[in-house]
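Please read the structure below before turning to the comments.
These numbers come from a predicted model, not from an experiment. The sequence lines fix the lettering, A, B, ..., with proteins before strands; numbering per chain opens at 1.
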There are 2 protein chains.
Amino acid sequence: MTIIFSKKCEYGLQACLYLAANKKDEVYTSDEIAKQLKIPKEFVSKILQSLTASGLISSKKGKNGGFSLAKDPQKIKLIDIVAAIDGLDIFENCVLGFPNCSSDTPCPVHNKWGELRTKAYQMLTEETLDVFKETTLTKINNL
Amino acid sequence: MTIIFSKKCEYGLQACLYLAANKKDEVYTSDEIAKQLKIPKEFVSKILQSLTASGLISSKKGKNGGFSLAKDPQKIKLIDIVAAIDGLDIFENCVLGFPNCSSDTPCPVHNKWGELRTKAYQMLTEETLDVFKETTLTKINNL
DNA sequence: GTAAAATCAGATAATAATATCTGATTTAAT
DNA sequence: ATTAAATCAGATATTATTATCTGATTTTAC
Ligand code: FES
Ligand code: FES
């Protein structure tokens, strides 16, 4: 079951974190990223391709090719990756699945959920990828 | 896209809120519930059946039959419905999709997410269905 | 130039989630 | 008794998500 993000998005986030945690000028192949993160390689390859199309990641074709971040890790936020893959609808929709989530027509948990949703958004917005280097590395080393 | 809960769970939550907001001793057919909530009737029928099996809802078969809450709305919490349908894994898993979510092997957002997750859990745990009567009715009237 | 290693594009496959259908059974009203 | 209206069980259909495959193209190293 998905928590909040689709698998595609989760893997995309992980891959970007991986790239941010590694050497900036080097490229990493989808195979290597998949191996390190222990996620399906063809799938992550597709995701990286789409993130390349979105402009978040840049790719180098051919032998010795691979993927790297398109900008400085200090300029990329988790929300950027989410926006590119899953979109931002989750931050506007009712947690109970009712239509028209708004303070005009609130569901029973609208106020509480609204707060949490905002904080979740902040969690993805406040920091940039460079801040996560250490934690990412130790997390990956424990996979 | 799912926010947190599956459609099945969303509809189950809505249906239970509907029942809690209405007359306690009356039964409501899946058709009526579906119509009121504007959700697919066969689907909600299935969901109500499974909630009946879980013991949250009780059903009356045959003509003039239908569904009602199995206990007082004061004894049912949203979390009970979630637990019966989607389970509680979401409250234990990593929002970025990494395995082994714990403070021993935290991902970059583990601390923040942990807090939000706890608050989301509280949101579903603190109050019982009877508290939601009013809000539910006005929400449904605006569908 | 040839071979190897990579992205890339598009098709396909597999699985899960969502939704609907069919018929059986149960119950109440007439 | 008969009929109508409902749950119920199980099959089926549809759609979306996740995952894999195939081959083309690009690039580097030799
Ligand atoms: S209406 Fe439910 S969260 Fe806004
Ligand atoms: S490890 Fe990511 S939320 Fe706990």
Side-chain angles (χ1 to χ4, degrees), chain A residues 1-15 19 25-70 82 85-87 89-90 97 99, chain B residues 1-15 19 25-70 82 85-87 89-90 97 99:
Chain A
M1 196 216 322
T2 74
I3 297 197
I4 287 202
F5 305 127
S6 66
K7 279 273 168 243
K8 209 187 288 190
C9 193
E10 287 180 355
Y11 293 160
L13 287 162
Q14 292 180 21
L19 291 175
D25 342 303
E26 269 185 38
V27 298
Y28 296 85
T29 69
S30 54
D31 267 38
E32 184 176 0
I33 296 170
K35 202 164 201 175
Q36 294 288 330
L37 295 171
K38 298 185 178 150
I39 59 183
K41 61 181 177 183
E42 292 94 352
F43 198 21
V44 84
S45 163
K46 276 269 176 256
I47 295 164
L48 290 167
Q49 281 173 44
S50 92
L51 285 176
T52 301
S54 314
L56 275 173
I57 279 186
S58 71
S59 69
K60 189 184 170 202
K61 294 180 194 169
K63 192 166 182 182
N64 295 339
F67 297 94
S68 58
L69 294 178
V82 171
I85 300 178
D86 274 355
D89 286 358
I90 29 167
Chain B
M1 196 216 321
T2 75
I3 297 196
I4 287 202
F5 306 127
S6 67
K7 278 274 168 244
K8 210 187 288 191
C9 192
E10 287 180 355
Y11 294 159
L13 287 161
Q14 293 179 20
L19 291 174
D25 341 303
E26 270 185 38
V27 297
Y28 296 85
T29 68
S30 54
D31 268 36
E32 185 177 358
I33 296 170
K35 202 165 200 176
Q36 293 289 330
L37 295 171
K38 297 187 177 149
I39 59 182
K41 61 180 176 181
E42 291 94 351
F43 198 19
V44 85
S45 165
K46 275 269 175 253
I47 295 163
L48 290 168
Q49 282 173 42
S50 93
L51 285 176
T52 301
S54 314
L56 274 172
I57 279 186
S58 73
S59 69
K60 188 183 169 204
K61 295 180 195 171
K63 192 168 181 183
N64 295 338
F67 297 94
S68 60
L69 294 178
V82 171
I85 301 179
D86 274 355
D89 286 359
I90 29 166

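Remark: A/Lys41 pairs with A/Asp31, A/Ala34 by the side chain to side chain contact (heavy atoms under 4.5 Å, CB included) rule, at least two apart or across chains. Residues satisfying the side chain to side chain contact (heavy atoms under 4.5 Å, CB included) criterion with B/Pro40, sequence neighbours excluded, are B/Tyr11, B/Phe43. Taking the side chain to side chain donor-acceptor pair (under 3.5 Å) definition, one finds that A/Ser45 meets it with A/Gln49, sequence neighbours left out. For A/Thr52, there are no side chain to side chain donor-acceptor pair (under 3.5 Å) partners, not counting sequence neighbours. Scanning for side chain to side chain donor-acceptor pair (under 3.5 Å) contacts around B/Ser68 gives B/Ser58, with sequence neighbours left out. Residues passing the side chain to side chain contact (heavy atoms under 4.5 Å, CB included) test with A/Ser50, sequence neighbours excluded: none. Evaluation of the side chain to side chain contact (heavy atoms under 4.5 Å, CB included) rule for B/Glu42 yields no partner, not counting sequence neighbours.
Put simply, A/Tyr11 has a side-chain N or O that comes within less than 4.0 Å of OP1 or OP2 on D/dA19.
With salt bridges taken as basic N to acidic carboxylate O contacts below 4.0 Å, one links B/Lys7 and B/Glu10.
The stretch residues 30-46 of chain B comes close to DNA chain D through B/Ser30, B/Lys46, each having a heavy atom under 4.0 Å from the strand.
With rounding to whole Å, A/Gln14 atom CD is found 13 Å from D/dT18 atom P. One interatomic measurement links the two molecules: CG of A/Leu19 to C1' of C/dT7, which rounds to 14 Å at whole-angstrom precision. Between the P atom of C/dA19 and the CD1 atom of B/Ile47 lies a distance of 8 Å, rounded to the nearest Å. The distance between atom NZ of B/Lys7 and atom C1' of D/dT15, rounded to the nearest whole Å, is 13 Å. Taking atom CD on A/Gln49 and atom P on D/dT20, their separation rounds to 15 Å, with Å as the unit.
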Between the protein and nucleotides 26-29 of chain D, which nitrogen or oxygen pairs are less than 3.5 angstrom apart?
from	atom 1	to	atom 2	distance (Å)
D/dT26	O2	A/Gly62	N	3.4
D/dT27	O2	A/Lys63	N	2.9
D/dT28	O3'	A/Asn64	ND2	3.2

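Counting only heavy atoms from C-beta on, A/Thr29 has its side chain closest to C/dA6 among C/dA6, D/dT18, D/dT7.
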